[in-house]
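Structure first, commentary second.
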Amino acid sequence: MLTPTEITAATIKTGKVKANLPWWKMILLGIFAGMFIALAGVGATFGNLYGGKIAGACIFTAGLAMVVVAGSELFTGNNLMVMALFDRKIKFHQLLKNWLLVFFGNFLGALLVASIATVSGTFDSVADTVVATATAKVNLGFFEALLKGIMCNFLVCIAVWMATAASTVTGKIAAVFLPIMLFVLCGFEHSIANMFYIPTGIITGTVYGIPAPTITEFLLNNLLPVALGNIIGGAVLVASGYYLAYHSKNTK
């Protein structure tokens, strides 16, 4: 495995590559990542119901495993690109462009899965649970959602960090498993996952006539504070902290 100093160098190099992707690739690969996370959410929904919270948490780890191994762009993981900014390998506008386009792509991918899964009747037997999950998320207080977003992406970025250390597919999947299971088990908030969970609840509520959150509640009560928390957890805590700890002046 790579040492932390080598992981730092690899993360900086990857950040430069990500920043220089064509805009359409950022969106396209963002759509894939949004779909991967959403599909993991579909599985975790049934895992929670039929196997308990631990089962759901274990199933959800498939999302980041697909992101890391299959190759895609995930906003929360891309918070680590801040390292390349600190190292002057990319400009701030490049970082912002990547984050915005990937965030948009993630949203499209998650909405696509949410729509197909709902319309296809996947959630027919669990409609009440799906709506209840969405409702609980939008009823979090702003500060609570922010803090849960911080802790979530701290763990997600640690998972990506650890996966970078591995040189095999098996190693990368094993590396992401425990941190992701931990964040789901603890009930922390992931902005991209919530792009699936809450719209699914809204659509399901509309289809089955169950009182559900509104789009405004989704965007303002959950997505905004959670996304801000994710940035603090990933970019400020993990990326900044590890850059200070392990950056080498010999990084190319």
Side-chain angles (χ1 to χ4, degrees), residues 1-21 25-26 29-30 32-41 43-44 47 54-87 89-90 98-99 102 106 109 151-186 188 190-193 230 233-248 250-252:
M1 59 174 281
L2 300 181
T3 66
T5 300
E6 291 170 334
I7 298 172
T8 301
T11 301
I12 291 171
K13 182 178 180 180
T14 299
K16 183 178 179 181
V17 172
K18 287 176 177 291
N20 287 289
L21 287 172
K25 281 192 177 182
M26 293 181 188
L29 294 175
F32 275 112
M35 293 180 70
F36 294 153
I37 298 300
L39 287 166
I54 293 178
C58 290
I59 292 169
F60 191 82
T61 64
L64 189 61
M66 288 187 283
V67 168
V68 169
V69 176
S72 57
E73 293 290 304
L74 182 65
F75 166 73
T76 46
N78 282 10
N79 280 191
L80 291 172
M81 290 174 63
V82 167
M83 285 188 168
L85 178 68
F86 292 156
D87 210 51
K89 296 296 190 296
I90 64 174
N98 179 276
W99 282 5
V102 168
N106 291 165
M151 295 309 298
C152 169
N153 209 34
F154 180 89
L155 288 168
V156 170
C157 285
I158 288 296
V160 174
W161 181 267
M162 291 167 60
T164 303
S167 59
T168 66
V169 170
T170 302
K172 290 182 181 297
I173 293 174
V176 305
F177 185 87
L178 291 176
I180 301 305
M181 182 189 73
L182 184 59
F183 107 65
V184 178
L185 191 61
C186 292
F188 297 146
H190 189 265
S191 57
I192 311 308
N230 288 167
V236 178
L237 296 184
V238 178
S240 301
Y242 272 120
Y243 183 83
L244 289 172
Y246 291 115
H247 170 253
S248 170
N250 295 321
T251 300
K252 299 298 183 180

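Just the heavy atoms: all of them, side chains too, but no hydrogens, waters or symmetry mates, feed the values below.
In plain terms, the two heavy atoms of Phe183 and Leu155 that are nearest each other are CB-CD1, 3.5 Å. In terms of heavy-atom proximity, Gly171 sits nearest to Ala166 at C-CB, 3.5 Å. Summarising the geometry of Val184 relative to Phe60, their closest heavy-atom pair is CG2-CD2, 3.5 Å, with the distance given to 0.1 Å. Taking both residues in full, the closest heavy atoms of Met1 and Glu6 are given as O-OE1, 4.4 Å, listed atom of the first, atom of the second, then distance. Minimum interatomic distance between Cys152 and Asn230 (heavy atoms only, all atoms of both residues): CB-ND2, 4.2 Å. The shortest heavy-atom contact between Gly56 and Ala44 is O-CB, 3.5 Å.
Between the CD1 atom of Ile37 and the CE atom of Met66 there is a distance of 7.5 Å, given to the nearest 0.5 Å. Atoms NE2 and OG1, on His247 and Thr8 in that order, are 8.5 Å from each other to the nearest 0.5 Å. Note that CD1 of Ile158 is 8.0 Å distant from CE of Met162, once rounded to the nearest 0.5 Å. Put simply, OG1 on Thr164 and NZ on Lys13 are 12.5 Å apart, with the number rounded to the nearest 0.5 Å. Expressed to the nearest 0.5 Å, how far CG of Leu74 lies from CZ of Phe36 amounts to 10.5 Å. The structure places OG1 of Thr76 at 5.0 Å from CG of Asn153, a figure rounded to the nearest 0.5 Å.
Taking a 6.0 Å sphere around CD1 of Ile54, one finds it holds 12 or fewer heavy atoms contributed by other residues, nucleotides or ligands. Around atom CZ of Phe32, no more than 12 heavy atoms belonging to other residues, nucleotides or ligands sit under 6.0 Å away.
The backbone N or O of Met83 lies less than 3.5 Å from no partner atom in the side chain of Asp87, so there is not a single donor-acceptor pair.
In this structure, Tyr243 and Ile12 have side chains that are in contact, with non-hydrogen atoms separated by less than 4.5 Å. Two residues are said to be in side-chain contact when any heavy atoms from C-beta on lie closer than 4.5 Å; Ile173 and Phe177 fail this criterion. Side-chain contact between Lys172 and Val169 is absent, with no heavy-atom pair separated by less than 4.5 Å.
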>> side chain to side chain contact (heavy atoms under 4.5 Å, CB included) for Leu21 and Glu73? Distances and angles first, verdict last.
In response: CA-CA 10 Å; Leu21 287 172; Glu73 293 290 304; 3.9 Å; yes

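By the 30° and 60° cut-offs, the orientation of the rings of Tyr242 relative to Trp161 is parallel.
When each of Asn106, Val160, Asn98 is checked for a side chain to side chain contact (heavy atoms under 4.5 Å, CB included) with Asn78, only Asn98 meets the rule.
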